[in-house]
Amino acid sequence: MRLSAPAHEHGLRERVIQRLIRLRLDAVPDVVLACQHRPEFFGKPFLAWIEASLRGPSEWTQGDRELMAALVSDRNRCAFCIGTHSATASSLVGEEMVLTVLRADLEDPDDDADGAKISAGLRATLAFIERLTLSPAQVDASDVERAVAAGVSAEALRDAVEVCAAFNVMNRVADALAFEPQDKKSLSFSAKLLTTRGYRA
Amino acid sequence: MPLHGNEVPEALLIVVEKVARHAYRVTDEDIDAAADAGYDENELFDVIVAAALGAGLARRERGLAAISDWEGAR
């Protein structure tokens with residue numbers, strides 16, 4: 001990690017949790033360290049937002065929303081978050097679907113991600129949040145119309161916007177602080193923790 | 001650090017701009033230059049979080065507004 005304050009300055013409770021993680025992993029993932037640095041300022045409120053948007057009540061499954069998180073991270077080229085959320089999404093919807101979606105040209109209707117067997121609604125929603133990530137100024141009601149025509153409700157689209165926005169924050173913090181991508185063991189530990197316990201701090 | 005008027009050091013603007021636009025391009029040198037301009041680690045952490053939140057919340061606002069516009073036009 002780039003700054004030593006988020007890497008090393010933590011309270012007692014946070015250090016105890018880090019000690020427990022070190023019993024299982026060689027290193028505490030940088031995202032944990034950053035969220036535990038002055039948690040009242042960033043980690044606590046931010047993780048509450050992530051927990052609500054990825055695990056709260058929604059028409060989308062957890063797998064759908066982890067796939068959205070992986071897609072946003074991929075389009076923002078955030079290696080750390082691509083790793084964590086591809087692994088988490090893969091454990092829920094299968095690795096092949098994740099890889100197919102990340103490779104797909106979602107703006108091109110002929111390049112369907114059908115190989116991944118996703119619904120037209122999810123595909124249209126992924127295209128919507130891709131656009132919101134890469135060219136937010138161009139997003140308007142006509143983009144919403146396309147998603148609705150594919151069967152997505154306004155409420156489901158709002159839920160996807162929350163995931164998209166939260167990951168646009170996370171990706172930036174991760175890359176600005178140069179989070180070290182997790183190794184295989186760390187990724188499978190994180191995927192398991194995030195699918196069973198979620199994002200509660 | 002104390003600022004005079006609207007004067008924000010170029011090095012800090014570069015960090016904010018990169019975090020907002022394409023955070024994967026932020027380098028060690030960018031962060032070092034902002035530190036050399038007088039910002040300590042906690043201030044840099046705050047600035048990075050703030051710039052990231054700004055970019056994320058702008059997308060949230062835009063997305064939700066597009067949905068409301070669509071609903072209003074129905």
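Side-chain atoms are counted along with the backbone in the values below, which use heavy atoms only and exclude waters and symmetry mates. Chain letters run A, B, ... following the sequence lines, proteins first, then strands; residues in each count from 1.
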Exercise. Are any of the side-chain nitrogens in A:E145 or B:R74 under 4.0 Å away from the carboxylate oxygens of its partner?
Worked result: no
Problem set entry | Side-chain ion pair, A:R38 and B:D46, N-O less than 4.0 Å | yes
Problem set entry | Which atoms of A:A178 approach chain B - backbone, side chain, both or neither, heavy atom under 4.5 Å |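 The answer is neither part of A:A178.
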Exercise. Considering only heavy atoms, which portion of A:D143 lies under 4.5 Å from any heavy atom of chain B: side chain, backbone, both, or neither?
Worked result: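 Looking at A:D143, nothing touches chain B.
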Exercise. Any idea which of A:A166, A:C164, A:S142, A:A137 has the most non-hydrogen atom pairs under 4.5 angstrom with chain B?
Worked result: A:A137
Problem set entry | The single option from B:I31, B:N42, B:D40 passing side-chain contact (heavy atoms from CB on, under 4.5 Å) against A:L3 | B:I31
Non-hydrogen side-chain atoms of [X] and [Y] separated by less than 4.5 Å:
| X | Y | value |
| --- | --- | --- |
| B:R60 | A:P136 | no |
| B:Y24 | A:N171 | no |
| B:R59 | A:V161 | no |
| B:V26 | A:R2 | yes |

For a quick test of reading the model, state the closest non-hydrogen atom pair linking [X] to [Y] and the distance between them.
| X | Y | result |
| --- | --- | --- |
| B:F45 | A:A34 | CZ-O, 3.8 Å |
| A:V139 | B:R62 | O-NE, 3.2 Å |
| B:G63 | A:L132 | N-CD1, 3.7 Å |
| B:E41 | A:S4 | OE1-N, 2.8 Å |

Problem set entry | Residues B:I48, A:L177; criterion side-chain contact (heavy atoms from CB on, under 4.5 Å); working and verdict | CA-CA 8 Å; B:I48 288 167; A:L177 294 177; 3.8 Å; yes
Exercise. So which part of B:A58 gets closer than 4.5 Å to some heavy atom of chain A, the side chain, the backbone, both or neither?
Worked result: neither
For this session: Step by step, work out the side-chain contact (heavy atoms from CB on, under 4.5 Å) result for B:E71 and A:V144.
Result: CA-CA 9 Å; B:E71 286 174 327; A:V144 177; over 6 Å; no
